[in-house]
Protein chains: 2
Amino acid sequence: MIVDGKPPTRGRPKTLERDHVLKTALMCYWATSPDVAISKICAKAGASKPGLYREFGSDDGLKEAVLSVYGEIVSTRRSEILASEQPFSEVLEALITYTIQDRRALGLPDGCLLFAMRARRDEFGPLTRKKIDQLRLDSLEKYRQWIDRAKANGEFRADMSTETAALYLDAQAGNAMRLQKEGISNEVIGEILRTAFSAL
Amino acid sequence: MIVDGKPPTRGRPKTLERDHVLKTALMCYWATSPDVAISKICAKAGASKPGLYREFGSDDGLKEAVLSVYGEIVSTRRSEILASEQPFSEVLEALITYTIQDRRALGLPDGCLLFAMRARRDEFGPLTRKKIDQLRLDSLEKYRQWIDRAKANGEFRADMSTETAALYLDAQAGNAMRLQKEGISNEVIGEILRTAFSAL
DNA sequence: CACATTACGTACCTATAGTTACGAAATAAA
DNA sequence: TTTATTTCGTAACTATAGGTACGTAATGTG
């Protein structure tokens with residue numbers, strides 16, 4: 001069988017749609033919890049269990065792959081916002097807007113899968129744990145760079161360490177996502193975020 | 001067998017130490033996660049499984065009972081702090097001191113069991129869910145009362161609704177407990193709390 | 001003493017989790 | 001067509017979860 005420019009390969013052609021499975025698992029984890037059983041994901045994705053294991057190796061491997069996809073999306077968007085050359089306060093406002101967007105209207109679950117999984121880090125396998133840690137470090141690093149730039153511009157108080165400020169921003173974002181998952185309205189969450197950011 | 005002032009009762013005397021089991025379960029849940037299996041709690045407490053089920057009815061019942069104990073302790077201490085007649089800012093500082101106390105030095109696990117369980121509310125049975133909701137409502141109510149008193153004294157900005165302020169305080173406390181569980185130092189957490197509270 | 005009563009805990013039950021053995025199916029190469 | 005190769009998915013396996021049936025032990029009562 002010839003597909004695209006790939007050279008023809010021997011053996012039975014693969015039919016498992018990796019991306020579809022990943023997206024299915026992502027939505028399952030995100031909408032409910034990362035506890036969702038592999039069997040359920042298989043059923044929802046219309047894939048067989050051995051197929052999943054061939055592709056991802058294990059439950060741990062699947063979760064790692066899902067987090068890679070999810071982390072890529074979230075991290076990309078955040079980088080775009082933080083890399084902006086706008087004034088500090090406007091970037092803050094953009095962060096708020098992004099955070100409290102109406103996910104339901106976009107067909108997305110409330111809350112943030114990454115924060116949900118971070119809260120249960122120790123329950124996962126080594127691959128997932130490593131991915132969680134990496135995404136967290138990446139996130140903090142992006143915040144740090146942004147804050148350091150703001151400090152250089154005199155837009156950020158010098159009496160707060162960059163590290164603490166990054167932790168603060170990350171914590172407030174996590175807060176917002178948890179409140180959203182608990183059903184608090186986005187307006188109130190916005191008010192809370194603005195209050196928290198007004199301290200910077 | 002005659003114990004205390006209780007009238008003698010027929011049948012084999014009960015040997016299961018309810019309080020000991022509750023404390024054991026509490027520490028298990030708190031130190032790791034509320035996922036800890038009943039069998040493990042039995043082993044740690046030196047009790048039999050049927051004994052546990054006779055006493056608490058189910059996994060759900062045990063978790064509810066544990067939350068009752070834990071909630072009572074936490075809520076009592078918070079009430080003491082919030083009921084103080086000290087100035088608003090000093091009560092805030094007392095809240096911070098209480099929040100970032102060195103739990104390890106007291107032989108207690110880091111973090112807060114209640115916040116940990118709230119994050120996973122939907123995974124529990126009806127009794128536990130109800131208890132979680134009740135404790136959360138109690139907590140918010142205490143914050144509201146305190147804020148309203150502060151407003152009456154002119155110690156709190158009038159442009160923020162009491163409801164939102166209560167949510168804000170509760171959210172910051174939850175944040176602190178999660179950061180503590182993640183291993184962030186209490187000094188940094190204190191700095192973050194002071195920053196968050198400085199916005200009020 | 002025998003009896004009614006209550007709690008005890010061993011040894012099981014059922015359901016479900018993650019995981020895989022293995023024979024069948026589908027392809028390219030010989 | 002046959003063979004080598006690769007993937008397929010049914011039907012298992014093992015471990016562990018929450019939960020309980022039931023015979024036994026320990027008490028007060030008559």
Side-chain angles (χ1 to χ4, degrees), chain A residues 1-21 24-25 28-29 32-66 117 120 122-129, chain B residues 1-21 24-25 28-29 32-66 117 120 122-129:
Chain A
M1 198 172 80
I2 299 176
V3 180
D4 296 326
K6 264 80 177 183
T9 51
R10 300 183 65 162
R12 182 171 177 167
K14 179 184 279 190
T15 59
L16 182 130
E17 304 173 61
R18 181 186 170 95
D19 289 350
H20 174 63
V21 171
T24 304
C28 283
Y29 293 155
T32 62
S33 102
D35 271 341
V36 179
I38 287 223
S39 319
K40 235 164 216 168
I41 292 168
C42 289
K44 284 229 177 194
S48 73
K49 260 202 284 191
L52 266 188
Y53 277 90
R54 268 189 298 272
E55 186 68 26
F56 302 103
S58 66
D59 188 65
D60 192 23
L62 172 62
K63 288 192 167 68
E64 180 200 27
V66 167
M117 292 186 73
R120 315 172 55 165
D122 296 346
E123 299 171 33
F124 301 117
L127 300 176
T128 307
R129 272 207 295 266
Chain B
M1 199 172 80
I2 300 176
V3 181
D4 296 328
K6 263 82 178 184
T9 50
R10 301 183 66 164
R12 180 171 178 167
K14 179 184 278 188
T15 59
L16 182 132
E17 304 172 62
R18 181 186 169 94
D19 290 349
H20 174 62
V21 170
T24 305
C28 283
Y29 293 156
T32 61
S33 104
D35 272 341
V36 179
I38 287 223
S39 320
K40 236 164 215 171
I41 292 167
C42 290
K44 283 228 179 196
S48 73
K49 249 200 294 187
L52 265 187
Y53 278 90
R54 267 189 299 272
E55 186 69 25
F56 302 104
S58 65
D59 188 65
D60 193 22
L62 172 62
K63 288 191 168 67
E64 180 201 25
V66 167
M117 292 186 73
R120 314 172 55 165
D122 296 346
E123 299 171 33
F124 301 116
L127 301 176
T128 307
R129 273 206 294 266

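Below, chains carry the letters A, B, ... as their sequence lines are ordered, and counting in each starts from 1.
Between B:G11 and A:G11, the one whose closest nucleotide on DNA chain C sits nearer the 5' end is B:G11. Of the two residues near DNA chain D, B:R12 and B:V36, the one whose nearest nucleotide lies more 5' is B:V36.
Distance A:L52 CG to C:dT20 P: 13 Å, rounded to the nearest Å. Between the CD atom of B:E123 and the P atom of C:dA17 there is a distance of 13 Å, given to the nearest Å. A:K40 places its NZ atom 10 Å from the C1' atom of C:dT16, with the value rounded to the nearest Å. We find that CD1 of A:I38 is positioned 6 Å from P of C:dT19, with the value rounded to whole Å. Rounded to whole Å, the distance from CG on A:L16 to C1' on C:dA25 is 16 Å. Rounded to a whole Å, the CD1 atom of A:I41 is 11 Å from the P atom of C:dA17. In this structure, B:E55 places its CD atom 9 Å from P of C:dA7, rounding to the nearest Å. Going from atom NZ of B:K63 over to atom C1' of D:dG19 covers 13 Å, rounded to whole Å.
For A:K49 against D:dG9, no side-chain N or O and base N or O form a donor-acceptor pair under 3.5 Å. A donor N or O paired with an acceptor N or O is not found under 3.5 Å between the base of D:dG19 and the side-chain atoms of B:R54. The base of C:dA29 lies outside donor-acceptor range of the side chain of A:R10, with no N or O pair under 3.5 Å.
We find the CE-CZ distance between A:M117 and A:R129 to be 11.5 Å, quoted to the nearest 0.5 Å. Taking CZ of B:R120 as the reference point, atom OG1 of B:T128 lies at 12.0 Å (rounded to 0.5 Å).
Proximity of B:T15 to the phosphate of C:dC8: a side-chain N or O atom is located under 4.0 Å from OP1 or OP2.
B:V21 approaches B:F56 most closely through the heavy-atom pair CG1-CE1, 3.8 Å.
Here the side chain of A:A37 is nearest to one of C:dA17, D:dG18, D:dC8, namely C:dA17. Comparing D:dA26, D:dG18, C:dG18 by their closest approach to the side chain of A:Y53 singles out C:dG18. In this structure, the nucleotide among D:dC8, D:dT20, D:dG18 sitting nearest to the side chain of B:S39 is D:dG18.
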For the pair A:I41 and A:V36, evaluate side chain to side chain contact (heavy atoms under 4.5 Å, CB included) and give the outcome as yes or no after the intermediate values.
CA-CA 7 Å; A:I41 292 168; A:V36 179; 4.0 Å; yes
Go through A:L62 and A:Y29 one step at a time and tell me if the side chain to side chain contact (heavy atoms under 4.5 Å, CB included) criterion holds.
CA-CA 11 Å; A:L62 172 62; A:Y29 293 155; 3.5 Å; yes
